[in-house]
Protein chains: 2
Amino acid sequence: MARPLSTEAREKALAAAQEVLSTDGVEGFTVDAVAKRSGVAKTTIYRHFSSGNELLINAIDCMVTPFPTPNTGSLKGDIEEFIQSVLPFIDDHSMQRTMMGVIAAAASDPELHRVHQEMMQLRMTPIKTMLELARGRGELRPDLDLDLALDFVEGPFFFRKMIRNEPMGEKEIRAFAAMIIHGLEGA
Amino acid sequence: MARPLSTEAREKALAAAQEVLSTDGVEGFTVDAVAKRSGVAKTTIYRHFSSGNELLINAIDCMVTPFPTPNTGSLKGDIEEFIQSVLPFIDDHSMQRTMMGVIAAAASDPELHRVHQEMMQLRMTPIKTMLELARGRGELRPDLDLDLALDFVEGPFFFRKMIRNEPMGEKEIRAFAAMIIHGLEGA
DNA sequence: TGAATTCACTACGTTGTCGTAGCGTAATGA
DNA sequence: TCATTACGCTACGACAACGTAGTGAATTCA
């Protein structure tokens, strides 16, 4: 082996892939576009990634970052903090497009489905931890189904921003948190 | 005018378009596929629809049907009935795929965006009516923000089924309804 | 230094989709 | 009846994306 594959070319390609994903969405994602944008030759891209689809998957994998587990001492504070921390991320329109595209495409492509599952788990884990902590403090009933509670915490927020594209300010965040708390406590 | 465009060809094409949409998703939707499936010649399809995209939009338009407004006399009953009526529809995997595909594609295509908006409104209206009825009966506070409540009713359900693909039985439906009620009342 | 290999570049063949043209045939209105 | 028009069929040109070949220059290991 005289010359190893340069990590620089790989990273430039991945970075450009993420950019293309943001601006053109999953359906506009092409190897040609990534090559043009990155300055890395298409042939070189194929040396690093066996197919366009694998490039896509790796790019998505790099975009996914876990959220920190909120820990303010009370469930109400935790939920508000959680929404606050996710909001700027989810408010980005191109990110919305990318996420929805991945979710939709995951229905057809088994590899993307795996990525989708990972994404979900990464996002759900801190929420679940948050709920377990609250239960430990006695803020929630011990027999509460945490799996359902998960949907209850994330669902309204997700639906409003991703599906209905309605705005969400401080007032709405507090209202949501209050409703969620009451719902979980009363269950 | 010697011979009008046959409604039969149009309807056969539309029906096949819906089938293709179900089996192959939005990304697999092509005029050729519809032509092959319907038995209607591609050229004929173009006589009825100015473009493949217009065929797609018309097909989706035909698929969307409004849900009846639940009216059991109590909000709890209404919510359970609502979930019950939507469940079989949303449990259909191909329908899930189609819907998510439309939502994702709507981010790029303004015409699809319009269809998406119509779809949403058609679905949200009965829920809003249901909430207004409950408020009229005194089951909800008069100052409740119905727009937020909408997300609160639909969100958890949507998130669980469409995004996380988790199962949902009688027990979960009742648990959801109970949580939603408590959340709305406590807000 | 020198052999090997990656890199960028251009170009190609393949495939799939779009929308259209031309052709006979069949159906409809005047 | 008969002119008109839709129908199905086959084929085509345009275009975009895929993945690959070949070239010369640059880089790295031995």
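From a predicted model like this one, the values you see are computed outputs, not experimental measurements. Because only heavy atoms are used, hydrogens play no part in the values below, and waters and symmetry mates are left out as well, while side chains stay in.
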So, with a heavy-atom separation below 4.0 Å from DNA chain D, the residues of residues 6-35 of chain A are A/Thr30, A/Val31, A/Asp32
Strictly by salt bridge (charged side-chain N to carboxylate O under 4.0 Å, His left out), give each pair with a member in residues 174-187 of chain B just once, sequence neighbours left out. B/Glu170-B/Arg174
With B/Ala17, which residues qualify under side chain to side chain contact (heavy atoms under 4.5 Å, CB included), at least two apart? B/Phe29, B/Val34, B/Leu55, B/Ala59
Hey, could you give me each pair passing salt bridge (charged side-chain N to carboxylate O under 4.0 Å, His left out) that has a residue in residues 62-75 of chain B? Not counting sequence neighbours. none
With sequence neighbours excluded, residues passing salt bridge (charged side-chain N to carboxylate O under 4.0 Å, His left out) with A/Asp147: B/Arg160, B/Arg164
Which residues pass the salt bridge (charged side-chain N to carboxylate O under 4.0 Å, His left out) test with A/Arg123, sequence neighbours left out? A/Glu154
Which pairs with one or both residues in residues 134-180 of chain B pass ring pair (Phe, Tyr, Trp, His ring centres under 6.0 Å), sequence neighbours excluded? A/Phe152-B/Phe152, A/Phe158-B/Phe159, A/Phe159-B/Phe158
Which residues, if any, of residues 106-116 of chain A bring a heavy atom under 4.0 Å of DNA chain C? none
Within this structure, what is the CD1-to-P distance between B/Ile45 and C/dG19, rounded to whole angstrom? 11 Å
Contacts of B/Glu118 meeting side chain to side chain contact (heavy atoms under 4.5 Å, CB included) (sequence neighbours excluded), chain-then-number -> B/Asp61, B/Arg114
Listed by chain and number, what are the salt bridge (charged side-chain N to carboxylate O under 4.0 Å, His left out) partners of B/Lys76, not counting sequence neighbours? B/Glu80
Test of understanding: with side chain to side chain contact (heavy atoms under 4.5 Å, CB included), list the residues that count as partners of A/Thr44, not counting sequence neighbours. A/Ala9, A/Val40, A/Ala41, A/Arg47, A/His48
Find the distance B/Leu5:CG to C/dA27:P and express it as a whole number of Å. 16 Å
Can you tell me the distance, in whole Å, between the NZ atom of A/Lys36 and the P atom of C/dC9? 12 Å
Which parts of nucleotides 20-25 of chain D does protein reach within less than 4.0 Å, heavy atoms only, written one letter per nucleotide 5' to 3' as B for base, S for sugar-phosphate only and - for none? BB----
What I want to check is whether the side chains of B/Glu27 and A/Ser108 have a donor and an acceptor closer together than 3.5 Å. yes
Phosphate OP1/OP2 of C/dT6: any A/His48 side-chain N/O under 4.0 Å: no
